[in-house]
Amino acid sequence: MVGELQELLLPIISQPDSTNGFSQHRSYLWWLRLATYTFFLLAGQSVAMLLGRLYFDKGGNSKWMETLVQSAAFPVLIPCYYFVAKSADAKVIYGNPPSTLVLLSIYLVIGILQAATSMLYSLGLLYLPVSTYSLICASQLAFNAFFSFLLNAQKFTPFIINSLVLLTISSILLVFQSEESTDSTEVSKTKYAIGFLCTVAASAGCGLILSLTQLTFQKVLKHENLKAVLDLIVYPSLVATCAALVGLFASGEWKGLEGEMEGFELGKLPYLMTLMWTAIGWQISSIGCVAIIFEVSSLFSNAISALGMPIVPVLAVFIFRDKLNGVKVMSMVLAIWGFVSYVYQNYLDDLGSKKDNRNVNEVPNDSPSRISTNE
């Protein structure tokens with residue numbers, strides 16, 4: 001499994017300037033890699049959300065445990081460092097590397113933000129139907145766009161603005177839906193409001209983390225290779241895991257875990273498997289997310305994540321008997337429309353890039369630019 005992950009992630013090192021995203025000509029191999037990372041992100045995200053809801057539905061009640069599993073599976077990536085050490089990429093020197101103190105500060109900040117965001121997501125998943133929860137999560141694209149504008153010099157076009165507006169409206173619509181007895185979770189209006197606000201806050205935190213990750217590659221690391229990908233997954237996850245463990249023991253929730261496992265409706269083994277595969281799902285999602293940030297940008301990574309949000313409500317209808325009412329359908333349509341609008345802008349950028357490359361290649365041999373180059 002580790003070898004397969006290395007083969008999929010290793011091509012990232014061949015992209016020396018992927019921070020420019022769609023300004024470069026795209027090869028079929030690039031699109032294949034992007035499709036692979038997209039599958040990782042969407043599959044991992046969908047599985048983790050559905051299993052997280054299953055955990056709460058069948059007797060799980062620990063918010064800190066659900067927070068912990070969102071980062072605790074990072075050790076599965078540690079063996080990949082062995083392959084990094086043997087690769088030629090590990091021998092390449094990239095100017096003056098950042099100091100250890102700077103790197104530790106970055107990992108600490110991102111890790112703490114990740115732990116706080118995971119806790120807010122856990123509260124949202126506890127109090128909201130998974131279909132509602134996943135659609136609200138699509139709002140993180142709008143937050144990411146805001147932070148990308150401030151931190152990553154993200155340019156806005158009419159299609160991107162249209163995408164952000166649609167995704168924002170998609171989430172706002174869910175505020176006005178009434179409680180439904182057929183949903184997988186039945187809570188009071190107060191708890192519904194708490195779940196909604198926590199999920200929105202978590203979406204904002206996720207948008208900030210993605211923008212900070214892109215900023216780290218652009219301004220601090222200034223290079224992209226497999227080790228950089230692993231470092232920005234493993235070390236922040238380690239910090240987030242430690243923070244979640246502190247919360248688990250400080251809150252006293254750890255005392256009830258044995259009884260929770262005993263009372264889990266599906267049994268002890270399914271209880272452990274639910275937590276394990278939830279953790280692995282989030283880790284696979286993280287791999288896809290960070291790899292897409294490398295290849296394009298944090299905003300595009302978030303747009304791909306937003307594409308997966310409508311997948312979960314549809315699956316929740318069959319798995320958890322969630323009711324897909326008119327408001328949710330409209331929210332889903334707007335989310336898909338917003339994503340398509342964003343991808344179409346990237347398509348236009350790609351066409352413009354190919355046209356520019358074609359114009360450069362057609363420069364006459366006796367042109368001033370060609371003469372100055374030969375000189």
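Heavy-atom minimum distance, Lys191 versus Tyr127: O-CB, 3.4 Å. The two residues Ala244 and Trp64 have their closest heavy-atom pair at O-CE3, 3.7 Å. Contact detail for Leu123 and Lys63: the closest heavy-atom pair is CD2-CD, 3.0 Å. The two atoms that bring Leu126 and Arg53 nearest to each other are O-NH1, 3.6 Å, heavy atoms only.
In this structure, Leu41 CG and Ile284 CD1 are separated by 11.0 Å, a value rounded to the nearest 0.5 Å. Atom OG of residue Ser118 and atom CG of residue Leu113 lie 10.5 Å apart, to the nearest 0.5 angstrom. In this structure, CG in Leu266 is found 10.0 Å from CG in Asp57, a value given to the nearest 0.5 Å. In this structure, CG in Leu248 is found 12.0 Å from OG1 in Thr241, a value given to the nearest 0.5 Å. Rounded to the nearest 0.5 angstrom, Tyr107 OH and Gln114 CD are separated by 13.0 Å. Atom-to-atom distance recorded for Ile110:CD1 and Thr117:OG1 is 11.0 Å, nearest 0.5 angstrom.
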Please assess Tyr121 against Ser203 for the test side chain to side chain contact (heavy atoms under 4.5 Å, CB included), listing each intermediate value before the final yes or no. CA-CA 8 Å; Tyr121 273 136; Ser203 298; 3.9 Å; yes

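Through chains of ILVMFWY side-chain contacts below 4.5 Å, Val239 is grouped with Leu108, Ile112.
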